[in-house]
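Working notes, structure below.
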Amino acid sequence: MKAKEVLQRYSNGERNFQRVNLQGESFKGADLSGADFSEADIRGTNFRKATLKGTNFSQAKAGLPKRWVIILTAVIIAISLLIGILAGFAGSTAVHFGTFDGVSLTSLEQIIAASIFILIWGVVLVFTIRQGLVAALGIEIVITLVVATFAGAITFAETLTKGLAFAVAGTIMVTFVIIVTILFAIGTAFAVTTTVAGAIAVAGKMSAIAVAIIIVVGALTVAVPYAIILEQVVSVVAAGTVFIIVALTVLSAYLAWRSIKGNERDAWVCKIAVAFATLVGTSFYKADLTDATFTQAQLKNTDLRAKSLIRTCWQGADQLDQVRVGKTLLDQPAVRNLLITKDGYKKSYVAANLEGANLAGVNLESANLKQSNL
């Protein structure tokens, strides 16, 4: 049904629009208060700045239309391939300079250098898992500077026999390249994480696995020829490159999955992914949803940065954790879960913002509401 027809019927006094298909229609700024859109298909529908007081969206299907799921997935795959290529270059270059190749070290010295380099990256990966991506950035930068300084010192010592100017120039070049390549690898980790999270937000975890595989394949497609050019196909450089590419991808995919599941350490990843996924999803941006009902509605990839969520009912709403909520009360995981399940028995809501929340029928026996806003 077209938006024009719905608005015409509404103006004639009709309020029952159950099970209608409104995919991609626009009701921007319209007043549809009290209308019944239960079980309606509102994927991709625009309700921006609409007045929807007391409107019923029970069991409605919101989010992305199928065609946009396909389009956004294709975009993510293209981005993944590009990231994979860049990761292959960054990983190969980082490990290549990490082993100080081109400097006259013995085979044993190169193996030791590579082992130390890979060990450092292993420590960084573990630290990232435990502390989160942003917290790990600091230690990664410190390690980068230490490695670059060490490499610069070795380069200076090795090239000093060719003249002081040559040694200084070589040291600056090697230090700069190592800093750039390792920071580039760090940036790649951020890119992979957000891309995989975006894939999960748009099309589910299976698409995320596909994206991770594409990134690894794209990276190795670059890394292997790079190793051949260096004539080090079976060297520690090639092995180190593969380790970094696979480890970074697996780690990033895990962080993405963890963030989508609500982990607070990398909550920013989830917010970026959801913002991307809701670009063409159902939008209630700045809409008035006072007393509206979303009981058992499917809300994944929906923009709920509404003007008002006073007494809005969310009981049984599906995937409310994958919607764009801005600074509304839905931004609090504990409150969001309370509104969905109606079960607050013995749970803590200390300093929680429950202003305007619909708590009708909620079990708050023995719940901790200290300093909460009611």
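Nothing here was measured: the structure is a model prediction, and the numbers come from that model. For this chain, numbers begin at 1 and follow the sequence in order.
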State whether the side chain of [X] and the backbone N or O of [Y] hold a donor-acceptor pair below 3.5 Å, judged by distance alone.
X      : Y      : answer
Asp318 : Leu320 : no
Thr312 : Leu289 : yes
Asn12  : Glu14  : no
Tyr10  : Glu5   : no
Asn363 : Lys342 : no
Thr282 : Ile42  : yes

- Message: Pair Asp291, Lys53 - check salt bridge (charged side-chain N to carboxylate O under 4.0 Å, His left out), show working.
- Response: CA-CA 6 Å; Asp291 291 313; Lys53 295 180 179 180; over 6 Å; no

- Item | Salt bridge flag under 4.0 Å for residues Lys2 and Glu25 |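 Between Glu25 and Lys2 there is a salt bridge, with a charged N closer than 4.0 Å to a carboxylate O.
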
Under a 4.5 Å cut-off applied to non-hydrogen side-chain atoms, are [X] and [Y] in contact?
X      : Y      : answer
Ile76  : Val202 : yes
Leu339 : Leu329 : yes
Thr293 : Gln315 : no

- Can Ser80 and Thr195 be counted as having a side-chain donor-acceptor contact under 3.5 angstrom? no

- Query: When you check the side-chain N and O atoms of Gln18 and Asp36, is any donor under 3.5 Å from an acceptor?
  - Reply: yes

- Phe27 ring center within less than 6.0 Å of Phe284 ring center: no

- Task: Could you please spell out the steps behind the side chain to side chain donor-acceptor pair (under 3.5 Å) verdict for Asn373 and Glu355?
- Result: CA-CA 6 Å; Asn373 180 7; Glu355 182 177 354; 3.3 Å; yes

- Message: I'd like to know whether Arg336 forms a side-chain contact (heavy atoms from CB on, under 4.5 Å) with Thr328, so could you lay out the CA-CA distance, the side-chain angles of the two residues, the decisive distance to 0.1 Å, and finally the verdict.
- Response: CA-CA 10 Å; Arg336 189 168 59 233; Thr328 65; over 6 Å; no

Please give me the minimum heavy-atom distance between [X] and [Y], naming the atom from each residue.
X      : Y      : value
Cys270 : Asp321 : SG-O, 4.4 Å
Val269 : Ala197 : CG1-CB, 3.6 Å
Lys370 : Asn368 : N-OD1, 3.1 Å
Thr45  : Leu22  : OG1-O, 2.6 Å
Val280 : Pro65  : O-CD, 3.9 Å
Phe57  : Ala297 : O-CB, 3.5 Å

- Pairwise distance CG(Leu330) to CZ(Arg305) - rounded to 0.5 angstrom: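 Leu330 atom CG to Arg305 atom CZ measures 13.0 Å (nearest 0.5 Å).
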
- Leu32-Met1 co-clustered via ILVMFWY side chain contacts under 4.5 Å: yes

- Should Val362 and Thr341 be marked as a side-chain contact (heavy atoms from CB on, under 4.5 Å) after you check the CA-CA gap, both sets of side-chain angles, and the distance that decides it? CA-CA 8 Å; Val362 172; Thr341 64; over 6 Å; no

